[in-house]
Amino acid sequence: LTCSRSMVRGGPANRAVKRAKIFALTKGFRGRAKNCYSIAVRAAHRALQYGYRDRRMKKRDMRRLWIQRINFAASEHGIRYSRLMSNLVKCSIQLNRKVLSELAIHEPKSFKALAELAKERQAAGLLAALRPKDQGQRDMGSRKRGQPDVGPRKRGQPDVGPGDQSDTCSETELEHSFTLYQTRQTLTDSGRRTRETSV
């Protein structure tokens with residue numbers, strides 16, 4: 001017994017439908033790539049491969065563009081891109097690069113406020129870094145009687161009392177150190193701009 005083609009499960013491949021799908025993908029292509037099937041099928045496969053690749057490259061290119069915009073806007077306010085992003089994260093400001101680039105273009109005052117906030121956070125972190133490391137141990141010496149010890153004391157380490165202030169930096173010295181740091185950063189940025197202009 002022979003079975004007709006219409007009885008075969010799934011039926012025979014419709015050649016016209018397959019060709020129509022390829023020509024729909026290559027519509028508008030130049031030359032014979034739009035109406036010659038043997039050339040159109042290769043052009044369609046190549047176009048699909050390029051589309052798969054460039055959908056991922058587009059995300060990288062846009063991120064690179066956002067970073068450039070933020071960098072240019074941050075340099076106008078005297079702060080680097082890396083320090084701007086780092087200090088914004090420390091301030092719990094969760095704005096991505098796309099939003100920051102839009103703020104830099106369409107809302108310059110809002111971007112300036114964010115830059116000032118990042119600079120303040122950087123200054124606060126610098127002042128905290130300039131403080132002596134053992135200041136917390138001196139503070140433990142002034143605790144009240146009966147208050148539990150904050151942490152274990154190393155063997156051989158002397159107990160520093162509240163009256164021992166020989167190594168403690170005053171607020172004036174910290175402000176002076178921070179002023180010197182800002183002056184050094186300004187000179188470095190101005191030298192960098194001079195080199196870029198000369199190039």
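In this chain, residues are counted from 1 in sequence order. The analysis underlying the following values was restricted to heavy atoms, covering all of them including side chains, and did not include hydrogens, waters or symmetry mates.
Atom CD1 of Ile22 sits about 12.5 Å away from atom SG of Cys36, to the nearest 0.5 Å. To the nearest 0.5 Å, atom CD1 of residue Ile70 and atom CD1 of residue Ile105 are 9.5 Å apart. For the atom pair Ser101 OG and Asn96 CG, the distance stands at 8.0 Å (nearest 0.5 Å). Note: Lys112 NZ to Glu107 CD = 14.0 Å, rounded to the nearest 0.5 Å. Taken from CG in Leu65 to CE in Met62, the straight-line distance is 5.5 Å, to the nearest 0.5 Å.
Closest heavy-atom contact between Ala118 and Ile79: CB-CD1, 3.9 Å. The minimum heavy-atom distance linking Ala115 with Leu84 is given by the pair CA-CD1, 4.0 Å. Between Phe111 and Ala74, the closest heavy-atom pair is CE2-N, 3.8 Å. Of all the heavy atoms in Ala43 and Ala33, the pair that sits closest is CB-CB, 4.2 Å.
A donor-acceptor contact shorter than 3.5 Å links the side chain of Lys119 to the backbone of His77.
With sequence neighbours left out, the side-chain contact (heavy atoms from CB on, under 4.5 Å) criterion links Ser86 to Lys90. Under the side chain to side chain donor-acceptor pair (under 3.5 Å) criterion, Glu102 pairs with His106, not counting sequence neighbours. In terms of the side-chain contact (heavy atoms from CB on, under 4.5 Å) criterion, residue partners of Ile93 (sequence neighbours excluded) are, by chain and number, Leu88, Cys91, Leu95, Leu114, Leu117. Under the side chain to side chain donor-acceptor pair (under 3.5 Å) criterion, Arg97 pairs with Tyr81, not counting sequence neighbours. Considering only residues two or more places apart in sequence or on other chains, Lys21 meets the side-chain contact (heavy atoms from CB on, under 4.5 Å) condition with Val17.
Linking ILVMFWY residues whenever their side-chain heavy atoms come closer than 4.5 Å, directly or via other members, places Ile67 and Leu100 in the same cluster.
For residues 32-51, there are no side chain to side chain donor-acceptor pair (under 3.5 Å) pairs, not counting sequence neighbours. Under the salt bridge (Lys or Arg N to Asp or Glu O under 4.0 Å) criterion, the residue pairs touching residues 47-62 are Asp61-Arg64, with sequence neighbours excluded.
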